[in-house]
Amino acid sequence: MISPLLDSPADGDKFPDATLPPAAEDTPLPDDPLTRMEALMAAGARDAAIAHAEAEAATWTAGRRTPGLAAALARCLIDMGEPASAVALIAPLVEDGSAGTGALIAMARALGLCGRHQEALSLLTEASFLDGRSAEVLLALGNARLAADDVPRAIGDFERVLRLATGDTVPERVALAEAHFRLGEAWRAMDETARAARHFRASQENDPADRRGAAIRLAEMDAAGPPTRASAAYVRALFDGYAPRYDTHMTGALAYSGPETLRAAAEAAGLFADGRYSAIDLGCGTGLSGATFRPFCRSLTGVDLSPRMTAAALASGHYDAVVTGDLLAALTEGGAARFDLAIACDTLIYLGDLAPFFSSLATALARGGWFVFSTEKSDAAAGGYEIGPARRFRHTEAYLREMAAVHGFEALSLNVAALRTEKRQPVESFVGTMRRV
C-alpha cells in the first residue's frame with residue numbers, strides 16, 4: 001500500500017480480525033445509518049453510499065436525526081473525496097440553526113476542500129464567537145487559516161489552545177498534541193525550523209504513539225535521525241482516512257501500476273499463476289494486490305493496520321482471511337514456515353530498518369518460499385534508508401541485498417520501475433523478487 005501525500009486507538013498494534021461481510025444485493029445491511037454508510041464504503045458501493053447519506057439528510061428537516069450523525073456522515077463523504085456532497089448534507093442544519101459544533105466543523109472542512117476558504121473561515125469564526133474556549137473549534141479555525149495561507153493568525157489560534165488546555169484529561173492531551181503539531185507545521189512554513197522542531201517534539205510528548213507523524217517531520221528537517229519505522233498509529237490513521245477513495249485515486253490520479261508490475265516480476269522470476277501458493281499479502285490495503293495475485297494462490301491472507309482498509313479488502317472477496325494488525329506480529333504468530341509466497345507492494349516504504357521485518361519473514365516463509373516486493377529507491381542514504389520528500393522511506397540497493405544475505409534470502413531480481421506518478425513526476429522504486437534459501 002502507499003500513502004497519498006494522511007485518530008484511532010493507539011494502545012497496541014493488534015486489532016481483531018475484520019468480519020464485515022461483502023455488501024451484496026441480497027445481504028441486508030445494518031439499520032444504524034453510520035454503520036450502513038461504513039459498510040457501503042467498505043464494499044466499494046460509492047454511489048449507494050452517497051445516495052444513503054442524501055436519503056438520511058432528507059429526514060433531518062423533521063428533526064429525526066442529530067447533528068452528531070450529520071457530522072459523522074459528512075466526514076465519511078469527505079473521506080470518499082466528496083466534499084461538495086458533505087456541504088449539501090449539512091447546509092440545511094446550518095440554515096435552520098440546528099447544527100452543532102461538530103457539524104459546523106465538518107462543513108467548514110468540506111468548504112475548504114471545495115476551495116471556499118473564506119466561507120469556511122466565516123463559519124468557524126462564528127463558531128468561535130459562540131464558544132471561544134473550545135479547543136475543537138480553535139484547532140479547526142487554525143487549520144482553516146493555514147489552508148488559506150494566513151499563517152500568523154493560525155499560530156495565534158493554536159497558541160490559544162495551548163493556553164486553554166491543561167493536559168489533565170485524555171481529550172486535552174489530544175488537543176495539546178494536535179496544537180503543537182500544527183504549530184510545528186506553521187513555523188516550518190515560515191522557515192523557523194528551531195521553533196517547529198520544538199513543537200513537533202512537544203506533540204510527541206503528548207502523544208507517544210505519534211499518530212501525526214512528528215518523528216518523520218523532525219527527520220525531514222534534519223532535527224533528528226530517521227525513525228526505524230513510521231509509527232503504527234500514524235499509518236493506521238493515514239489509511240483509515242484514505243481508504244474510501246484509495247482505489248480511484250491510486251489507479252486514476254496517480255496512474256498506479258504497482259500490483260501489475262510486481263506480478264510481471266514474479267512471473268519473470270519463475271512463479272506460476274496456477275493456484276499453488278499459500279500466500280500472505282503484507283499491507284494489503286483495499287485488495288488491489290489480492291486481485292492481481294489471487295490466481296497464484298490456493299490460500300491468501302491479507303494483513304493491514306487500517307480497519308477501514310481491511311474491511312474493504314474483506315469485502316473484495318479476494319482473500320481467505322484478513323487480519324487487522326501489525327505485519328511483524330502477523331508473520332511471527334501462528335507457526336513457522338506456513339507461507340510459500342509473501343507479497344509486499346509499497347509496504348516497506350513505512351519501514352526504515354528492515355532487519356526486524358526480514359527476520360520475521362524468514363520465520364514465516366518455508367524454505368524455497370518467494371518474496372515479491374517494492375520500495376522507493378534511494379541512491380546513497382547513509383545507513384541504507386532515509387525519509388523521502390513524500391514522507392515515506394526509501395532504501396538503497398546495497399541495503400536490500402545486505403538484508404537478503406543476512407537473513408537467508410537469495411535476491412533473484414532487483415529492478416527499477418516507476419509504479420506511479422506524484423506531482424506529475426514518476427516515482428522510482430525497486431521491484432524485487434527473493435527466495436528463502
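This structure is a prediction, so every number in the text was calculated from the model and none was measured.
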Run the side chain to side chain donor-acceptor pair (under 3.5 Å) test against [X] and tell me which residues pass, sequence neighbours left out.
X: Glu82; result: Arg46
X: Glu386; result: Ser378, Arg394
X: Thr166; result: Asp168, Glu172
X: Arg263; result: Glu267

- Thr396/Phe430 under side chain to side chain contact (heavy atoms under 4.5 Å, CB included): CA gap, chis, key distance, verdict: CA-CA 9 Å; Thr396 65; Phe430 286 118; 5.7 Å; no
Min side-chain heavy-atom separation [X]-[Y] under 4.5 Å:
X: Thr125; Y: Leu141; answer: yes
X: Ile155; Y: Trp187; answer: yes
X: Val94; Y: Glu126; answer: no
X: Leu162; Y: His199; answer: yes
X: Leu282; Y: Leu331; answer: yes
X: Glu38; Y: Arg308; answer: yes
X: Leu138; Y: Leu164; answer: yes
X: Leu69; Y: Pro33; answer: yes

Partner set under salt bridge (Lys or Arg N to Asp or Glu O under 4.0 Å) for [X], not counting sequence neighbours:
X: Asp131; value: none
X: Glu192; value: none
X: Glu119; value: Arg116
X: Arg153; value: Asp150

Got a donor-acceptor contact below 3.5 angstrom from the [X] side chain to the [Y] backbone?
X: Arg436; Y: Ala362; value: yes
X: Arg338; Y: Ala364; value: no
X: Arg245; Y: Gly241; value: yes
X: Asp326; Y: Ala232; value: no

- Query: For Cys284 and Met309, what are the C-alpha separation, side-chain angles and deciding distance, and is it a side chain to side chain contact (heavy atoms under 4.5 Å, CB included)?
  - Reply: CA-CA 8 Å; Cys284 64; Met309 285 288 196; over 6 Å; no
Would you name the heavy atoms of [X] and [Y] that are closest together and state the gap between them?
X: Gly287; Y: His318; value: O-CD2, 3.8 Å
X: Ile78; Y: Leu113; value: CG2-CD1, 3.5 Å
X: Ala417; Y: Val431; value: CB-CG2, 4.1 Å
X: Ala209; Y: Ala233; value: O-CB, 3.7 Å
X: Thr286; Y: Ala243; value: CG2-O, 4.1 Å
X: Ser203; Y: Ala177; value: OG-O, 2.9 Å

So, taking the atom named [atom1] in [X] and the one named [atom2] in [Y], what distance separates them when rounded to the nearest 0.5 Å?
X: Glu220; Y: Arg188; atom1: CD; atom2: CZ; value: 4.5 Å
X: Leu123; Y: Leu104; atom1: CG; atom2: CG; value: 5.0 Å
X: Ser85; Y: Ile50; atom1: OG; atom2: CD1; value: 5.0 Å
X: His407; Y: Leu354; atom1: NE2; atom2: CG; value: 8.5 Å
X: Leu111; Y: Leu124; atom1: CG; atom2: CG; value: 9.0 Å
X: His52; Y: Met41; atom1: NE2; atom2: CE; value: 10.5 Å

- Query: Regarding Ser306 and Asp304, is there a side-chain donor-to-acceptor distance under 3.5 Å anywhere?
  - Reply: no
- Task: Assess the side chains of Ser360 and Thr332: does a donor N or O sit below 3.5 Å from an acceptor N or O?
- Result: no
- Query: Would a line drawn from the ring center of Phe200 to the ring center of Phe181 be shorter than 6.0 Å?
  - Reply: yes
- Task: Sequence neighbours left out, what pairs pass salt bridge (Lys or Arg N to Asp or Glu O under 4.0 Å) with at least one residue falling in residues 369-381?
- Result: Glu376-Arg392, Glu376-Arg420, Lys377-Asp379, Lys377-Glu428
- Query: If you look only at pairs with a residue in residues 400-414, which of them pass as a salt bridge (Lys or Arg N to Asp or Glu O under 4.0 Å), with sequence neighbours excluded?
  - Reply: Glu397-Arg401
- Message: Tyr350 and ring pair (Phe, Tyr, Trp, His ring centres under 6.0 Å): which single residue from Phe239, Phe357, Tyr385, Tyr234 fits?
- Response: Phe239
- Could you give me the CA-CA distance, side-chain angles and deciding distance for Leu34 and Leu73, then say whether side chain to side chain contact (heavy atoms under 4.5 Å, CB included) is met? CA-CA 7 Å; Leu34 185 57; Leu73 291 175; 4.1 Å; yes
- Task: Evaluate side chain to side chain contact (heavy atoms under 4.5 Å, CB included) for Leu89 paired with Glu54, printing each intermediate quantity in order.
- Result: CA-CA 7 Å; Leu89 189 83; Glu54 291 172 345; 5.8 Å; no
- Item | Partner residues of Phe373 under the ring-ring contact (aromatic ring centres under 6.0 Å, His included) criterion, sequence neighbours left out | Phe371
- Between Arg182 and Glu178, is there a salt bridge with N-O shorter than 4.0 Å? yes
- Apply side-chain contact (heavy atoms from CB on, under 4.5 Å) to Ser257 and list each qualifying residue two or more places apart in sequence or on a separate chain. Glu260, Thr261
